[in-house]
> 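The structure that follows is given in the form of structure tokens.
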Amino acid sequence: MSTTTLPLKRRGLDYKKFLANNGALVGLVVLCIALFIATPDFLTAQNLLNIGIQVSTVAVLAFGMTFVIVAGGIDLSVGAVAALSAMSSGWMFASAGLPGWIALLGGLFVGALAGTINGLANASGKLPSFIATLAMLSVARGLTLVISDGRPISTPAEVSFLGGNLGPVPMPIIILVLAALAASFLLNRTVIGRSMYAVGGNAEAARLSGLPVKRILVTVFALAGLFAALAGLLLAGRLDSAQPQAAAGYELDAIAAVVIGGASLAGGLGKISGTFVGALVLVVIRNGLNLLNVTSFWQQVVIGLVIALAVGVDVLRRKTRSS
Amino acid sequence: MSTTTLPLKRRGLDYKKFLANNGALVGLVVLCIALFIATPDFLTAQNLLNIGIQVSTVAVLAFGMTFVIVAGGIDLSVGAVAALSAMSSGWMFASAGLPGWIALLGGLFVGALAGTINGLANASGKLPSFIATLAMLSVARGLTLVISDGRPISTPAEVSFLGGNLGPVPMPIIILVLAALAASFLLNRTVIGRSMYAVGGNAEAARLSGLPVKRILVTVFALAGLFAALAGLLLAGRLDSAQPQAAAGYELDAIAAVVIGGASLAGGLGKISGTFVGALVLVVIRNGLNLLNVTSFWQQVVIGLVIALAVGVDVLRRKTRSS
Amino acid sequence: MSQQPLVTLQNVGKTFGPVTVIKDVTVSVYAGKVQVLLGENGAGKSTLIKMMAGVYQPDAGHIVVDGQTVTLPTTRAAEELGIATIHQELNLVPTMSIAENVMLGRMPTKHGLVDRSALRNRARAALALIGLDVDVDTLVGDLGIARQQLVEIAKALSINARILILDEPTAALTRHETESLFAVMTDLRRRGVGMLFISHHLDEIAEVGDTVTVLRDGEFIAEVPASTPEDDLVKLMVGRNIEDHFPRSAGDVSQATEILTVDKLTSAGSFSDISFSVKAGEVLGIAGLVGAGRTELIRAIAGADRYTSGTVAVRGRQLPNGSIQAAIAAGIGHVPEDRKGQGLVLDASVNDNLGYATLAATAKLGLVDFAGQRSRAAEVAMKLRIRMHTIDQSIGALSGGNQQKAVFGRWIIAASTVLLLDEPTRGVDVGAKVEIYELMNAITAAGGAILMVSSELPEILGMSDRILVMRDGRIAGELTAAEATQDAVMTLAARDVDEKYE
Amino acid sequence: RGGGSEASGTKIVLAVSTLNNPFFVELRDGAQAAADEAGVQLNIVDAQNDSATQANQLATAASGSTKAVIVNPVDSDAASSAVNDLLSAGIPVIGVDRTVNGADLNSLVASDNVAGGRQAADALAEAMGETGSVIHLQGVSGTSASRDRGQGFEEGMKAYPNITVVAKQTANFDRAAALDVTTNLLQANPGATGLFAENDEMALGAIQALGSRAGTEVAVVGFDGTADGLAAIEAGTLVATIAQQPAELGKLAVELAIKAIAGDTIEKTVPVEVVSVTKTNVGDFAK
Ligand SMILES: Nc1ncnc2c1ncn2[C@@H]1O[C@H](COP(=O)(O)OP(=O)(O)OP(=O)(O)O)[C@@H](O)[C@H]1O
Ligand SMILES: Nc1ncnc2c1ncn2[C@@H]1O[C@H](COP(=O)(O)OP(=O)(O)OP(=O)(O)O)[C@@H](O)[C@H]1O
Ligand SMILES: O[C@@H]1[C@H](O)[C@H](O)CO[C@H]1O
Ligand SMILES: [Mg+2]
Ligand SMILES: [Mg+2]
């Protein structure tokens, strides 16, 4: 067989490829079927809309995180940056008196800026991304409190619109879809996106091949910051206010979504579609446990087990396939 | 210059080696000098004792984390496992009516058991350690709440003793020192300790060299669980009670301590002495900011900046040396 | 051979998913003999020996050790039967010391603890066997690739195996180290150790081998004595004759313009005061011993490392210090010495790996030219005869030689006119070497210039139009193609090598 | 457990901000007891102090067969849009412990945190003889409980010109954090004679840090009236705590919810006493 050299049959390749790229999908489907059997409240149009809305924040954060993890880094600051961006936006509107849409753009800018600083600290300052972004987590959360004096700030109508409806469709779902398309386009079709895989796979080989590794890393973190800002504004829109403690701890959810979605913290692997499935797994578990009225202490136990199982199903599947 | 080729001279090698292994030490020293100048309260015998006590929990957690990170993994569950161990110990004493010392040992056992489960999930179940331990974080925190019904349980005298004094010396400091010696001994002198570096540095090479990679990984996580239990009991001893939310979020502190101490999340690198310095950096910052009464909002900003600087100093130092 | 073999792979087969890599092959190793495996890149040599080493389990056939059928589920099981392996790809832990790497999995203990002095002593003894004299506390990650290879060899030697498998141990070595290794092999043979040896250096076969098993496309082709003439071996291996192993067709460059000009280039600690130029149509070879600083020089020219002083210019235009992108824009293509660590993204596809250097240049509006990249990659893969299952498979699963061709191919696609080659044919089979040499010819014929570092003297002598010899980070001398002989080069390279070793 | 009474089929959702704190555990217990007694099903969801999680949970509640919702908002502002969605779907919403700003709740059962903060200032001042220096331990930055209590305390302190607040630091409502922070603050302010903690958990951590000085040289005042807090008052280490009656809050909320489902008219606000508990009246509260 080893004779074939070049072009290459594609037997059922797409189906296999899809499953390989979306391992946790199997886990998600199993989870949904179980919930469908367990409670009639799960598979209702309203509940599915709820899930769509609920997944939006974590998924958007996780899309940004996907860039970082694909490129071999980690970003612990996304939750804090989300809060800082939304709070800055609220402040620009409420205290600085800027027009709502400028405040909205300003919030996005703050997120991208924080991400750029992460990227520079990592790429030029040679700080491990874990440390650079841990520092940013603390700084951004602190600044959020400073700006707000610990109080929520209500957001301009433009931001609240992000949390509302466009006709019958909730805006968070629209934004989620747009963010997914944009992230996936960036990662799959653009030079910078493809370069992220190379940098995460072997940064030295990428550098020697002439890829601008530093610039790529800065872009990666800037994008993570921008997506975090979008998630933060989305959240503020849903809550009609920027909260000083908004999105606290979400970084772990975002990383978990990316990893459940098939990426490796070692870098070089990851897909937006996988990340989306990973975020859905996390949200569907919580939604389902609420519907089933599992008591909140046991809920955490069950969440842990289901996360392990959802990823475990994928591991098992891969094992079976390869043998 | 370019003349030396082969046997590489050792000019002041040990001094260099020490610094190379303890990079953040420079950062710590700078930090201490700054605090010494800023406030007379810093460099008092009492305050140094306070720092010793305050660093004990995080440092013991971080020692356990060092094994995991050296072996190329990550353990997000240490904080939750610490709480579960202490709570189990309290429950064994208060509800099951077991003798205090059995409750103490029982607590340690629970921690090691949780760690072993992490290890098995990672090594045999092939779950990425991030996912396996994230699941354990959720499960252990949930079980802690279930056991305690959300209320603190007071601990037996044997556990409280861990938080007390032995003559003039605080027990947490004694335990800290013993834990550091044990961890460092394990990592440096034993075969399993050295094998952890091999597994983290190049798992494939370790496997091809006949090392029992799975067994090593299970041991690594079991040790992390055991150290977490010790930290949890120490904390409970200091508070005379096991708290359901004890050590929440400490996993990030523990990981940060290890990374500040010079380890890499890619595995294969790390030292107990470095981790200790890393933990001290975190605790000294917080102690200093309390002494200086920096307002709580700004405190977080400053903590972030100092973490970045402490590690940055090391990066700078290495740059200067190599050029 | 009436004697019972130490180990036999009996009618073994191996498949990876849909790909059959080994089909019904039998090969034996006898005490005191060196069995050679010969085959093109991707013929299945490494796969075959991995079954003997306990890395892979055969899908068909069985393994016989001392007349008993055995299974080797782990490397440890193989080691317990006295089988030690030097793998083609280095299997070292970069963050650990040489001593610990040599003794990995077999740490000496005292009272259950690592016995550090025994550890160092045994590691030193192992290094001494192959004449590597470095501090055993040095981290392996700080060593160049050649010394890492020596550590890997020392590691296997220290096992005191009855059966030693050597998968291309000489690929990264210069003649000097190769001779030390052969001396050890001769000694082992005398002591009754059976060996299985793989190399693409045909001259080495007669030197150390007893019998040769030839594989082609995973199938057994022939077993012949090691004294078989090289040409016959080549024919068995590739199925055709190779007329000229070094088909260098140099033109007259006396009137040609200088393409690459290096002036007083110095990098503190690595090399100093290096000046030379390469003209259009010329191949300049750089010879030297391991550690002479050749790799550092090449990396500095390529922009991979910063230098302290001096200048590098391409076609008269000075390149900025430490800029790989500027170098590439000026037409430079750099094939690094460590393909695994520096050349390839192992988890990425062959297609992606071939295209990295041209990703940005061929993009439109920042969007990747997928179709174009793919057709260019396919074309070059075909031209270089890269043996693979599909162009979308991860490059880590290709055989070593085919990986090397892919690194080369990246710069062919980029149409580089100044190639900096660091051990360009390491691990490449004779047939493919000639293909690479033809490509070098094509590039020089089109007015390009090539700077080639190689530790393979025949390659340096056969392909260079001019040879610089480096020693201790300086240029020790220059030879024209006409004056260059192995002796002349070695004399310049190693003039006071003995003093240096102590 | 909530499932006990399918007979009536009435499902009430209690959305609580967190159950990681004894205060809310007691609130939950009070609510559960009242639900059991009335034979209704009580589903309890825990937002773990995250406003967005709570919004998700409220939305999920709206899609089920829920008859009424009791909400203990993580943040009073952040809950409004989710609560308004419930109200416009015709589901009655009762607030408990904290109000929901910008929503027309059917009823609110609460104690007043700002007033409680003022009472804490008075209790502390009295114990200190209206003179001395005070350390103020704050809760999680940015939470309404911390904000309101801090605000009330500062307002209350203005009446005592001879008392100065020498340090104000956060200990995150957490006992262990309070132990370390208090230790550090005492280092810089060895002369402090009073300490206000925005909850009992922090007060207990501070007492641990003070050791034998607690209750003798340094007066400590907490907030909540948890079981451990009351025990500390009896032991003399805690001077006072501002007791809320969480079980009572939970019980009243469920009773109001049942009335609202039945269509009865209910009071818009049901105040629950916040009591300064000291050694003199601790006997009335012991649990
Ligand atoms: N893990 C694997 N998965 C899929 N294919 C593989 C794998 N390992 C090897 N192959 C394929 O098997 C064939 C034989 O590879 P092998 O490494 O044995 O060749 P080799 O004879 O050692 O070549 P070289 O001289 O280049 O080292 C190659 O085509 C390679 O792509
Ligand atoms: N950080 C380091 N510490 C110790 N030795 C080093 C370090 N870096 C490089 N060396 C050694 O310096 C020597 C010079 O390296 P270089 O790779 O340039 O030599 P070379 O002539 O290209 O030989 P080859 O590539 O065959 O090894 C090498 O032997 C390498 O092992
Ligand atoms: O009212 C509660 C309790 O006082 C608790 O201690 C912290 O959170 C507040 O909201
Ligand atoms: Mg091979
Ligand atoms: Mg070299």
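In what follows, chains are A, B, ... by sequence order, proteins preceding strands, each numbered from 1.
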> Give the member of B:G163, B:P152, B:P244 that has the highest number of heavy-atom pairs under 4.5 Å with chain D.
B:P152

> Looking only at non-hydrogen atoms, find the nearest pair between B:D41 and D:A188 and report the distance.
OD2-CA, 3.1 Å

> Charged N to carboxylate O under 4.0 angstrom, D:R175 versus B:D240?
no

> Tell me whether D:Q208 contacts the main-chain N or O of B:R238 through its side chain, where contact means a donor paired with an acceptor under 3.5 Å.
yes

> To the nearest 0.5 Å, what is the distance between CG (B:L291) and CG (D:L185)?
8.0 Å

> In terms of heavy-atom proximity below 4.5 Å to chain D, should B:L145 be classed as side chain, backbone, both, or neither?
side chain

> Under 4.5 Å heavy-atom distance to chain D, tell me which part of B:Q46 shows up: side chain, backbone, both or neither.
both

> Taking all non-hydrogen atoms of both residues into account, name the closest pair between B:N293 and D:A167 and its distance.
ND2-CA, 3.5 Å

> Surrounding CD of D:E37 (heavy atoms of other residues, nucleotides or ligands, distance under 6.0 Å), is the total greater than 12?
no

> Heavy-atom distances under 4.5 Å only: say whether B:V283 touches chain D with side chain, backbone, both or neither.
neither

> Under a 4.5 Å heavy-atom cutoff, which of D:N172, D:D228, D:L179 has the most pairs with chain B?
D:L179

> Non-hydrogen atoms of chain D under 4.5 Å away: do they reach the side chain of B:L239, the backbone, both or neither?
both

> Which atoms of B:F297 come close to chain D, meaning under 4.5 Å heavy atom to heavy atom: side chain ones, backbone ones, both, or neither?
side chain

> Measuring from B:Q245:CD to D:L19:CG, what's the distance to the nearest 0.5 Å?
10.5 Å

> Name the member of B:Q243, B:R141, B:Q300 that forms the most heavy-atom pairs with chain D at distances under 4.5 Å.
B:Q243

> I'd like to know if the side chain of D:N184 pairs up with that of B:Q54 as donor and acceptor (distance under 3.5 Å, no hydrogens or angles considered).
yes

> Determine, step by step, whether B:R151 and D:D29 satisfy the salt bridge (Lys or Arg N to Asp or Glu O under 4.0 Å) criterion, reporting the C-alpha distance in whole Å, the side-chain angles of both residues, the deciding distance to 0.1 Å, and the verdict.
CA-CA 12 Å; B:R151 296 184 176 89; D:D29 290 350; 2.6 Å; yes

> Could you grab the distance from atom OG1 of D:T182 to atom CG of B:N50, nearest 0.5 Å is fine?
11.0 Å

> Between D:D180 and chain B, with a heavy-atom cut-off of 4.5 Å, which part of the residue counts as in contact: side chain, backbone, both or neither?
both

> For a quick test of reading the model, state the closest non-hydrogen atom pair linking B:L289 to D:Q169 and the distance between them.
O-OE1, 4.0 Å

> Need one label for B:T44: side chain, backbone, both or neither, based on atoms under 4.5 Å from any heavy atom in chain D.
side chain

> Given D:Q138 and B:T295, is the side-chain contact (heavy atoms from CB on, under 4.5 Å) satisfied, shown in steps?
CA-CA 11 Å; D:Q138 301 164 293; B:T295 64; over 6 Å; no

